Amino acid sequence: QVQLVESGGGSVQAGGSLILSCKAPGRTFSDYAMGWFRQAPGKDREFVGAINWSGGTTYYADSVQGRFTISRDNVKNTVYLQMNSLKPEDTAVYYCARNRYARASSHQNDYAYWGQGTQVTVSS
């Protein structure tokens, strides 16, 4: 079992920034793509962004393109989500996940392990 530990959530005003971190155990972190997803109250969980095993390829949902940046540090076994220009509609529980493969994807079924989630609240 792979346990992913997220941190960095909180409350911020619209226009502000937050950075989320997700640390994964083990020496195989760099073998797998990582992703971030979110779930707002009453809505399905949705894709936010993904990064391939090396960090050389990233994908984003249209709703966060240009505002959010995903990155990873394979020495620290950590993936990050830098969130800028936050909007109230970004309010959700954010989850990191480890892909089954090295290639990044937006499909939830490609992800085998999930973190516990961290709350992000953006006020207007």
Side-chain angles (χ1 to χ4, degrees):
Q1 186 72 12
V2 175
Q3 187 173 5
L4 306 177
V5 181
E6 298 134 337
S7 60
S11 298
V12 64
Q13 289 191 325
S17 298
L18 283 173
I19 183 165
L20 306 183
S21 300
C22 173
K23 188 170 178 64
R27 291 177 285 182
T28 60
F29 176 78
S30 61
D31 291 345
Y32 300 98
M34 298 293 293
W36 286 96
F37 295 79
R38 67 185 182 186
Q39 187 168 22
K43 295 188 177 181
D44 292 335
R45 188 165 59 189
E46 64 177 6
F47 171 72
V48 174
I51 188 167
N52 77 332
W53 68 277
S54 68
T57 301
T58 55
Y59 297 116
Y60 298 96
D62 289 344
S63 58
V64 305
Q65 180 75 47
R67 298 188 297 122
F68 290 12
T69 303
I70 187 170
S71 61
R72 67 188 295 159
D73 184 332
N74 285 344
V75 173
K76 296 182 178 180
N77 282 15
T78 302
V79 61
Y80 304 96
L81 184 68
Q82 174 71 51
M83 304 184 293
N84 297 329
S85 302
L86 283 161
K87 304 176 182 179
E89 51 264 44
D90 294 319
T91 295
V93 177
Y94 283 71
Y95 299 89
C96 74
R98 198 192 82 173
N99 203 299
R100 303 176 193 276
Y101 313 109
R103 186 178 64 182
S105 75
S106 62
H107 303 293
Q108 295 191 42
N109 287 342
D110 287 343
Y111 291 84
Y113 298 100
W114 296 80
Q116 80 286 353
T118 186
Q119 177 71 46
V120 171
T121 302
V122 184
S123 58
S124 57

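Keep in mind it's a predicted model, so treat the numbers as computed, not measured.
Pairing each heavy atom of P88 with each of S124, the nearest pair is CG-CB, 3.9 Å. For N74 against R72, the heavy-atom pair with the smallest separation is OD1-NE, 2.7 Å. Of all heavy-atom pairs spanning L18 and L86, the tightest one is N-CD1, 3.9 Å. Here the shortest heavy-atom pairing between S17 and Q82 reads CB-NE2, 4.0 Å. Between A92 and Q119 the shortest heavy-atom distance is O-NE2, 3.4 Å. Taking each heavy atom of A104 and A50 in turn, the nearest pair found is CB-CB, 3.9 Å.
If you chain together hydrophobic residues whose side chains sit under 4.5 Å apart, W53 and I70 never meet in one group. Using a 4.5 Å cut-off between side-chain heavy atoms of Ile, Leu, Val, Met, Phe, Trp and Tyr, with links allowed through other members, L81 and V12 fall into the same hydrophobic cluster. A single hydrophobic cluster is seen to contain both V64 and V79, as judged by linkage of ILVMFWY side chains at heavy-atom distances under 4.5 Å, directly or through other members.
One N or O on the side chain of R67 and one on the backbone of S85 form a donor-acceptor pair closer than 3.5 Å. The backbone N or O of T69 lies less than 3.5 Å from no partner atom in the side chain of Y80, so there is not a single donor-acceptor pair.
For the atom pair NZ of K43 and CZ of R45, the computed distance is 16.0 Å after rounding to the nearest 0.5 Å. Rounded to the nearest 0.5 Å, atoms OG1 (T58) and CD (Q65) are 7.5 Å apart. Taken to the nearest 0.5 Å, the NZ atom of K87 stands 8.0 Å off from the OG atom of S63.
Pairs engaging residues 21-37 under the side-chain hydrogen bond (donor to acceptor under 3.5 Å, both in side chains) rule: none recorded [sequence neighbours left out].
Between Y111 and F37, the two ring planes are perpendicular [angle over 60°; tilted spans 30° to 60°].
By the neighbour-count criterion of 12 heavy atoms within 6.0 Å, atom CD of E89 is densely surrounded, having more than that number from other residues, nucleotides or ligands.
Contact annotation: the side chain of F29 approaches that of M34 to within less than 4.5 Å [non-hydrogen atoms, C-beta and beyond]. With contacts defined as side-chain heavy-atom distances shorter than 4.5 Å, the pair E6/L20 does not qualify. Contact of the Y95 side chain with the L4 side chain is not registered, since no non-hydrogen atoms from C-beta on lie closer than 4.5 Å.
A salt bridge does not link R103 to D110: none of the charged nitrogens lies less than 4.0 Å from a carboxylate oxygen.
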Check against side-chain contact (heavy atoms from CB on, under 4.5 Å), D90 and M83: CA-CA 9 Å; D90 294 319; M83 304 184 293; over 6 Å; no
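Ring centers of F47 and Y59: at least 6.0 Å apart, outside the cut-off.
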